[in-house]
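Down below is the structure, laid out as structure tokens.
Not measured: the values here are computed from a predicted model. Values reported hereafter were calculated over all heavy atoms of this structure, with side chains retained and with hydrogens, waters and symmetry mates removed. By convention in this document, chain letters (A, B, ...) are assigned in the order of the sequence lines, proteins followed by strands, and residues within each chain are numbered from 1.
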There are 2 protein chains.
Amino acid sequence: MDLSERKLKILQAIVADFISSAEPIGSRTLSKKYDMGISPATIRNEMSDLEDMGYLTHPHTSAGRVPSDKAYRLYVNNLMQKYEIPEEDKQIISEKLTTNVMELERTIKHAASLLSDLTNLASFAITPNQESNKLKHINFLPVDKYSVVLMIVTESGRVINTTIKLKTAYTEENLNLLSRVMTYNYKGKTLSDILTLDIIKTFESDIEAMSRLVETIKPNFISTLENMLDVELYMDGLANIFSIPEYNDIEKAKVFLDIINQRKQFTDVLINRENGVIITIGNENKEDLMRDCSLITATYHVNGKLVGKLGVIGPTRMRYDEVTSIIEYMTDNISETFKVTGGDKDYE
Amino acid sequence: MDLSERKLKILQAIVADFISSAEPIGSRTLSKKYDMGISPATIRNEMSDLEDMGYLTHPHTSAGRVPSDKAYRLYVNNLMQKYEIPEEDKQIISEKLTTNVMELERTIKHAASLLSDLTNLASFAITPNQESNKLKHINFLPVDKYSVVLMIVTESGRVINTTIKLKTAYTEENLNLLSRVMTYNYKGKTLSDILTLDIIKTFESDIEAMSRLVETIKPNFISTLENMLDVELYMDGLANIFSIPEYNDIEKAKVFLDIINQRKQFTDVLINRENGVIITIGNENKEDLMRDCSLITATYHVNGKLVGKLGVIGPTRMRYDEVTSIIEYMTDNISETFKVTGGDKDYE
DNA sequence: TTTAGCACTCACTTGATAAGAGTGCTAACA
DNA sequence: TGTTAGCACTCTTATCAAGTGAGTGCTAAA
């Protein structure tokens, strides 16, 4: 059934008002505040219809009306107007997210922090899934007599390194050889292929000294690759939640913290969300604990390919227009910063 | 004035009971529960004396007694017994903190997470202050036509790297030369000296191509060093706080989150604490917001020299014995993992 | 010095009452 | 037939009074 013009107007007023006031809104207040040329009684009739259709609910008989998840969905899809981010906010965002030092982790952390500041909600971000990231080269560098640094560079421009302590001394020649052999073998393969497809074992050697070297290095190499594959979750602005009326009740606040505390599960939820700007409202979320929350996420790109996510979580009553615009603007900025330019002609 | 044996016994019973129950304890309950051979009336007299001396307080006339900060201090200094960490906990700790991959950040993060799990409090950790860390060598490595990786290795074994995008192409020879010149100039100097004492400008060059290279690299080098000097703060277990009766009141919980939310200030507080195991109770803390909290920190060492900190924050009513033991055991473990062995004979 | 007894205090609970906001229904009106 | 005014009804919230129980402080006796 279609909603009449008037019903839409009333619904929009209720949603907008409730988002800013957090108080159930009654017919009398509505007619006074929004001056829509009809009496409270008429509004009551319309409200009653809207309630039958599932757009409004009633905390108890003598309270005003509150929008349902369905109403928020309608609002987000049809009624909501585009929010223009103030110039100064835009400036702050680009300033903080544009660095010439290419440190993804740092930038993402900043992004999460900034996002929660701007929206007054709890924010989060995950680093890209690296499974399809391809290896570019591997380098072992001498540090001192018994330690070397393992450095792995991927096609997306990500560099990771670890110090490895050896039990026996090594020669520089062996180290160089190993770097070259491994690079030759693994270059262009995805990280997960290297780990799963047993490619690993190919780098063993006949030469005695080399074989000893490989032996100590192998487990370190594997665990470093595994670390690299882990998707990192950053969160910020949790304290903001306690300024929101919905979470004045300590029990509700605890539920909220529970969601976030199970980092592993929460990360999985984020990974499995579709790409692009995605809004899920209340019971649209599959996870029980999140039935009272809304989640907004958007994706950013690294090297135009790898995909990470940035978003907020909060009560279903939130500024969908504002939050959506800000998140989208931020992810665009991040993607811009990390679109690797070079890469046409490789070194070597 | 010295406390009689009996007063000490009563005080100890009150502190211990209050720590586990969080309820003010009355004379009658005390005499029944702890069976100390004297009547409630006698206990009342002693309690009254203890209150005059400042060891106990009174939420209101008809409530039981509650230990003051002074009582906790006495308890921590004299009455508290050494807590023996269960074997299984010890095992979990060493297992999680001993890695052969030397990633300090990761280990510290795990430590904070584990610590909050074991104590049910909020935990935190800061990475070592790197100011006195000395540079060991600098390496520029080619990645592709327009990007190079800058790698800095310090004496403590810390390795950091960033990808730098250049505007113009470079030659491998120039890069090698630059690596060598910079290493030669800066080796053995502390990071803060390099940044502050204007040593930076020494690495300019007469040769045209080199000079262009140096120009783009210089700001990146500086900002990388600055990043390295930043002390990182990790926190975990914030949600634990909400299971503690003291923070059932949403207002109190907010104060607590405020402390932690001002990461910069909080980091400074931690940096300025003395080394070793330090316990500050309630109003012993200089910061107003922390007057209701106790802080326990201990220091860990990297390379036997650089000092980072690990600790918990919670209400003044906490298991000082247990928490202290656990933190100390953990920092010992971390120090053990990061005592760099080699270093006698440098590479080169 | 210790203890029993007793009056007193204060927080907390329960129940009753009143006020306020809002609904739903009915009947009148355009 | 849609709109509106009026009114009874419902439900929450605030307030107040009375009763209860845990605990103290003081006094006097053992």
Side-chain angles (χ1 to χ4, degrees), chain A residues 1-11 13-15 17-18 21-68 71 245-246 248-249 252, chain B residues 1-11 13-15 17-18 21-68 71 245-246 248-249 252:
Chain A
M1 197 219 299
D2 250 6
L3 289 165
S4 71
E5 194 67 21
R6 195 168 68 184
K7 280 197 174 60
L8 282 178
K9 213 172 144 193
I10 291 176
L11 191 58
I14 293 178
V15 172
D17 194 87
F18 186 72
S21 75
E23 298 289 338
I25 180 161
S27 53
R28 212 184 136 76
T29 324
L30 194 66
S31 105
K32 246 192 292 183
K33 208 161 168 185
Y34 292 86
D35 188 33
M36 32 184 69
I38 45 177
S39 78
T42 312
I43 294 178
R44 274 207 287 286
N45 288 333
E46 296 286 39
M47 277 174 157
S48 180
D49 289 351
L50 285 167
E51 186 162 356
D52 289 344
M53 296 179 194
Y55 290 108
L56 295 178
T57 49
H58 232 166
H60 55 86
T61 12
S62 71
R65 298 310 211 287
V66 166
S68 68
E246 271 86 343
N248 261 347
D249 178 9
K252 291 244 174 89
Chain B
M1 196 217 301
D2 251 7
L3 290 165
S4 71
E5 194 68 21
R6 196 168 66 183
K7 281 197 174 60
L8 282 176
K9 212 171 144 192
I10 291 176
L11 192 57
I14 293 178
V15 172
D17 195 86
F18 187 72
S21 75
E23 299 288 337
I25 180 161
S27 54
R28 212 184 137 73
T29 324
L30 194 68
S31 104
K32 247 192 290 181
K33 208 161 167 185
Y34 292 86
D35 189 32
M36 31 185 69
I38 46 177
S39 79
T42 314
I43 294 177
R44 273 206 289 284
N45 289 330
E46 296 286 39
M47 277 176 161
S48 180
D49 290 350
L50 285 168
E51 186 161 354
D52 290 343
M53 296 180 199
Y55 290 108
L56 294 177
T57 47
H58 233 169
H60 56 87
T61 10
S62 71
R65 298 309 213 285
V66 166
S68 67
E246 272 84 343
N248 261 347
D249 178 9
K252 291 244 173 89

Problem - Given D/dT4, D/dG25, D/dG6, the nucleotide with the shortest approach to the side chain of A/R44 - result: D/dG6
Completion exercise
Side-chain atoms of B/R65 come closest, of D/dT4, C/dG24, D/dT24, to D/dT24
Handout entry: Closest-nucleotide 5' rank along DNA chain C - winner of B/E46 and B/S62
Key = B/E46
Problem - Test item: A/S21 side-chain N/O and A/D17 main-chain N/O as donor-acceptor pair under 3.5 Å - result: yes
Handout entry: OP1 or OP2 of D/dT24 under 4.0 Å from side-chain N/O of B/S27
Key = yes
Exercise for the section: With the side chain of B/A41 defined as its heavy atoms from C-beta on, choose the nearest nucleotide among D/dT4, C/dT3, C/dG24. Expected result: C/dT3
Fill in the blank from the handout: Given the options B/T57, B/L56, B/N45, B/L50 meets side chain to side chain contact (heavy atoms under 4.5 Å, CB included) only with B/L56
Problem - Among D/dG25, C/dT3, C/dG24, the nucleotide that comes nearest once only the side chain of A/H58 is considered - result: C/dG24
Handout entry: Nucleotide nearest B/T42 (side chain, heavy atoms from C-beta), chosen from D/dC11, C/dT23, C/dT2
Key = C/dT2
Practice task
Specify the separation, in whole Å, of atom CD1 of A/I43 and atom C1' of C/dG22.
Solution key: 13 Å
Problem - B/K252/B/E246 salt bridge by N-O under 4.0 Å criterion - result: no
Exercise for the section: Report yes or no: does A/S31 contribute a side-chain atom to a donor-acceptor pair with the main-chain N or O of A/S39 at less than 3.5 Å? Expected result: no
Practice task
Round to the nearest Å and state the distance from A/I10 atom CD1 to C/dT23 atom C1'.
Solution key: 15 Å
Practice task
Examine C/dG22: is either OP1 or OP2 under 4.0 Å from a nitrogen or oxygen in the side chain of A/T61? Give yes or no.
Solution key: no
Fill in the blank from the handout: A/D17 atom CG is separated from C/dG22 atom P, nearest whole Å, by 11 Å
Practice task
Whole angstrom is fine here: how far is it from CG in A/N45 over to C1' in C/dG22?
Solution key: 14 Å
Problem - Rounded distance in Å - CG (A/D52) to P (C/dG24) - result: 9 Å
Exercise for the section: Measure from the side chain of A/H60, starting at C-beta and using heavy atoms only, and say which of D/dG25, C/dT23, D/dT12 lies closest. Expected result: D/dT12
Practice task
Take atom CD of B/E51 and atom C1' of D/dT24, then tell me their distance rounded to the nearest Å.
Solution key: 10 Å
Problem - Between C1' of C/dG24 and CZ of A/R28, the distance in whole Å - result: 16 Å
Exercise for the section: Using whole Å, report how far NZ of B/K33 lies from P of D/dG23. Expected result: 11 Å
Practice task
Mark yes or no for whether A/S68, through its side chain, and A/Y55, through its backbone, hold a donor-acceptor pair below 3.5 Å.
Solution key: yes
